[in-house]
Every structure is written in C-alpha cells, then in structure tokens.
Amino acid sequence: MEEIVRRGMEEGHGSLNIFLDQIDKEASFLQKEYGDKWNEYVDIWKGKLWPDKRPDYKNSPGLNHIATILEREGAYLTDTRPQINIIARDDRLSGATEILEELVSAIWEERNLTQALQEMIFFAGIFGCSFASVVYNSELDMGIGDIDVKVGDPRCFGFDPMVLRSYNLDQGEYVKCEYFVTTDILRFKFPGINIESYADKGETKDSWEDKVASLFMKGKGDSLCPVIGRSLVKEYWVKDHTPKRDRLGNPILSRNGKQEREYPAGRHFVRTGDKILVNEENPYIDGIYGFPVDMLSWRFNPDSPVGIGEIESLGSLQKTYLKLVEIIVENAILMNNAIWVGDREALDPDDWAKLNNKPGSYVKVNPGKNLHREGPPALPAYSQNTALYLKDQLLELSGMTDITSGIAPGGVTSGVALDSLQQAAQSKIRLKARDIETTMQRIGQKMIARILQYYTSNRGMHTLGNNGKVREYKFLRDSLMAPLRKLYGEDSELQAAR
C-alpha cells in the first residue's frame, strides 16, 4: 500500500487507480454471487410475481404475502422509538454521558433516524443485508454541518470478501460504496479537474451501472439522452499498514515499543472514472478501529456475512402458493364459463361465431342435433385446504402468525393467555430485534465519536421530551469536555471515543 500510494502521488494517480481497480474487481463478488437473485427479489417485493410473457386468458393473482410480512416486521421493529442509554466507564463521566444522551436523542429526531432504521430493515429483509454510514456532512444545517446517518442500497456497496460476519466488517481491509452525483456539483467542488458525466463516456454495456444510470435518462436503447449530467462516484475506506519512519528510514516505535503506522486510521479515497477527487487519511478519530460503515444482516448465513432475507427463504413457498391459487381461481372462472359442446351441424356457421356466454342469451339448435354446455370437473376440497396450509406456513416460518396480529386462536378469551401467546409468537421478531440493537449500538458509538470531534462550539438543537412534545436543547461544548479533560487530559476526544 505504501508503494502504491507513493507512486500514485508521483505519477498522477496512475498506480493508485490500478490499486482501486483491483479493489473493484475483488469486491464485485457481491454482484456476481447475488446480482441476479437480488434483481428477482426486487421484482417480488414490487409485486411482479408472474412472468411478463403470459397468455391474456391466464389468471395472475397478485397475493404478495412476503411484502406484507416484511412490512409487518418493519412495523413491529420500529413501532417503539429506541431508548438511547450511554453508560460511563467511570462515575466521574456521568455528567458527560447525560449530555451525550441528550445529543444523540436530538440528532435522532433531527435526522429522522427512525425512517433510516426502517429503510435498513426493508433492505435487509429484501436482500439479506443493509448498510449505514455515519459521516459528518458539512453542508447540513445551512452550512454549519452536522452528523448524518446514510442508509445505502446493498447493491451499491462492496467489501473485503474475507469478512465472514456482518458485525466483523471492521476486520476487513476495505469497504467501498458507489453513488451518482450531479456532474456540475463535482466540478464546483473540485475545480481544475476534468470531470465527465456518465453519459459523456459513451458506455452502453448492459451492466448494473447502466441500469442505475438509466434512472436519470429519458428514452430507451440507443436514444438515451441525459437530462442532467451525473457522474458515478466511488468512495473507498482502506486500511493502510505502512510503518511510520523517521527521516533516515528507521521505524518509529510507540512508548510501549510497538511499531507505529503512518496512517493508523487508514485511507480515504474518492474518484470518478480515473480522476482522483480525494486522497487523504481517514478523517475520523475512531478510524483506528475501523470504517465509518456498519452492516446489518437479516437471517444468519453460515457461509457469508450477507444474510438470508425473507424473499430468499419464503420465495419458493410463495410461488407454490400462487400456482395453487391460480388453479383454484381459474377453475372457479371456468365453472361459471362452461364450454359449448355440440354437433357440427347444430348451428349455422354465423350462429357458431355469435355463440357467447352472455347472461340470458339463447341459441336455436337445428332439429335432431345436440348442443349443451359442459363445465370442468370440480376441484377436490383438499386443493383449497392446501392453499390455506401454504399461507399458514408462510406466516409460521416468518414468525408473523395470526396471534401477532391480535387474532386470538379459538377458545382463548383471557387477556393474560393472549398476551402470553403473543410473547411466544414474537420470539423470532425479538431475535431480529437483538441483531438490530447491536447494529444500532455500533452506529451510536460512531455518533459519539463524531460529536466529540466535530461539535466544537455551542449549538441549539431540538429533542423530544417525555411528554411527546418537542423542546429546545442547548449544547454547551465546555460542559461536555470539562469532565473528559479532567480525566483524560490531552487527546480527551480520542480517549473518550475509545
């Protein structure tokens, strides 16, 4: 890494681009392994449950139980606003933790993080995983700047394939994210760099990038034309193990005799195309512990940090259920629209053409000829029972049974018994809730580090009181830092972030 970055600085970022290209190639395993499946999952979530090329006479029931299940899970998991508790390692810091709790609560309200949490849940339920970045956005609050939690589509992220668990994302060597930015904004922020829009490059290959780019275009095929120029931006957070050396090239050791690193917090790169826009050390003080990105996994997957989403686990059952429902509905339609059966000469050719199933209609049959309507055989009773069984299994496997919706099973009238049944039925939901809580804990730790690093002056904020009313809260920097400086002395921000 040391040699790559050094040569990149000397040779106009050429070697650095090669290194980042290699990261792109290695991190693309997500798209290679899950890309086609994820596209199918999105179609199912959006209600595209049947192939597009189906005969018009075929019935295509749109009973999307998976989407309903996931929406109910999201409602359960976000129904109550998370209780934010910050515990001090030392009793002398209790005053500082109270201030931090107020701040995190205020940021939660101002940044509408309940909505962000809901988005993470939906992404994880659909794809099996979701991502959130805790960053400091200098453009928020009319240029004052504030902490922001950005939830990203997992199809836009890549990470070290050696990472085996979502909660160990920090143990990987890099994380990357891709997104589109208006080209004129980039040109304004980075003057002097020749930045091209995505369409200017003339790329037409059928790739994931082109599919995303098509969202910002008008027309189809070769007639694509950009309405507003946008550029694909790639952002990288990379660990750097380059040893720190003095002027003579000798390694520099810390007080405890360990080798120090030149960039202990790692590196941060941003580029569009082959233009390097940002090449810096990770600006966050908690960067020594990892990246500003956290990952939420849905259902445990022993082979990958990408969990098993609801659509992957319930998709085959949903398809079987729909096929059976289609047969039942089609049979019901045919039972009330029986076919005509008769001798060829029973009607004149013109009368045969006029034959229909209009209510109250009648036909004239030639003497001695037979003409009657013949319906299909009735479906056996077990067909409908099987459809109901499959629906119950969808709910059972997801943990969202009737009891979780407040529907009491037969014979249960006691409120205490119903509450006990609901508690037992929600065991799977509580398991997911614990995974979400640990993810929110990691996000909260990063929010505290951003507060210590970037809230360098007093500011007014708003928070939600116990009575449900919004109240003003004034943050005083000295009130937070005084107990920290008293305990840690210099580098109190870094020590507290640890």
Side-chain angles (χ1 to χ4, degrees), residues 1-10 15-16 19-20 22-23 26-27 86-93 96-97 100 133-136 159-176 235-270 278-295 305 438 441-454 456 480-481 483-498:
M1 180 69 182
E2 175 185 18
E3 181 65 15
I4 290 172
V5 174
R6 183 186 63 79
R7 285 192 297 162
M9 294 290 290
E10 294 176 354
S15 299
L16 180 55
F19 172 70
L20 297 179
Q22 292 171 344
I23 286 183
E26 185 175 82
I86 300 176
I87 302 174
R89 301 191 188 98
D90 192 301
D91 291 340
R92 290 171 290 180
L93 298 178
T97 57
L100 287 173
S133 304
V134 184
V135 298
Y136 187 80
F159 54 87
D160 187 346
M162 293 297 103
V163 174
L164 299 179
R165 295 290 174 261
S166 59
Y167 52 83
N168 288 334
L169 187 65
D170 287 345
Q171 294 183 9
E173 292 297 318
Y174 60 83
V175 174
K176 59 162 288 190
E235 187 170 13
Y236 307 80
W237 304 91
V238 185
K239 290 184 178 179
D240 191 333
H241 304 286
T242 303
K244 191 173 184 179
R245 302 179 183 277
D246 58 21
R247 294 181 179 179
L248 299 178
N250 299 316
I252 298 178
L253 304 179
S254 62
R255 294 179 180 178
N256 57 10
K258 293 184 177 180
Q259 171 68 65
E260 290 191 6
R261 288 184 294 176
E262 186 70 27
Y263 303 101
R267 305 298 298 273
H268 177 219
F269 306 108
V270 179
V278 176
N279 179 353
E280 63 180 2
E281 184 176 4
N282 184 342
Y284 301 122
I285 59 174
D286 61 334
I288 57 176
Y289 304 111
F291 316 111
V293 180
D294 283 291
M295 182 179 182
T438 56
Q441 180 181 355
R442 297 193 298 271
I443 291 174
Q445 291 170 342
K446 291 178 174 61
M447 292 174 67
I448 292 174
R450 304 293 176 271
I451 290 171
L452 295 171
Q453 182 176 0
Y454 292 101
T456 57
L480 171 63
M481 298 307 300
L484 296 177
R485 293 193 182 104
K486 186 175 181 180
L487 182 63
Y488 295 120
E490 295 182 2
D491 297 329
S492 54
E493 291 90 346
L494 179 59
Q495 295 294 331
R498 290 177 176 175

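Sequential numbering from 1 along the given sequence is applied to the chain's residues.
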task: Taking side-chain hydrogen bond (donor to acceptor under 3.5 Å, both in side chains) as the test, write out the residues that go with Q171, two or more places apart.
output: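 By the side-chain hydrogen bond (donor to acceptor under 3.5 Å, both in side chains) rule, Q171 matches N168.
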- prompt: Could D294 and K446 be called an ion pair, given the rule that one side-chain N must be under 4.0 Å from one carboxylate O?
  reply: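 Answer for the salt bridge query: yes.
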On a heavy-atom basis, which atom in [X] and which in [Y] lie closest, and how many Å separate them?
X    : Y    : result
D240 : R261 : O-CD, 3.7 Å
K176 : Y236 : CB-CD2, 3.8 Å
D170 : V293 : OD1-O, 4.2 Å
P305 : S166 : CB-N, 3.6 Å

Listed partners of [X] passing side-chain contact (heavy atoms from CB on, under 4.5 Å), at least two apart:
X    : result
E26  : D160, P161, Y174
Y167 : R165, R442
L164 : none
P283 : W237, H268, E280, Y454

Between [Y] and [X], is there a side-chain heavy-atom distance shorter than 4.5 Å?
X    : Y    : result
N282 : R267 : no
E235 : S133 : no
I23  : V238 : yes
P292 : V134 : no
I451 : L480 : yes
P264 : E281 : yes

- prompt: Do H241 and E262 meet the criterion of a side-chain donor-acceptor pair at a distance under 3.5 Å?
  reply: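 H241 vs E262: no donor-acceptor pair found between side chains.
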message: Nearest 0.5 Å, please: how far is OG1 in T242 from OH in Y263?
response: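 Between atom OH of Y263 and atom OG1 of T242 there are 7.5 Å.
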message: Pair D286, R450 - check side chain to side chain contact (heavy atoms under 4.5 Å, CB included), show working.
response: CA-CA 9 Å; D286 61 334; R450 304 293 176 271; 2.8 Å; yes
field: Heavy-atom donor-acceptor pair, Q453 side chain to I285 backbone, under 3.5 Å
entry: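 Judged by distance alone, yes, a pair lies under 3.5 Å.
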message: Just to verify, what does F159 make a ring-ring contact (aromatic ring centres under 6.0 Å, His included) with, not counting sequence neighbours?
response: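 F159 satisfies ring-ring contact (aromatic ring centres under 6.0 Å, His included) with F29 only.
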- prompt: Between V163 and E173, is a side chain to side chain contact (heavy atoms under 4.5 Å, CB included) present by the stated rule, with each step listed?
  reply: CA-CA 9 Å; V163 174; E173 292 297 318; over 6 Å; no
- request: Check step by step if side chain to side chain contact (heavy atoms under 4.5 Å, CB included) holds for I448 and I86.
  value: CA-CA 10 Å; I448 292 174; I86 300 176; 3.8 Å; yes
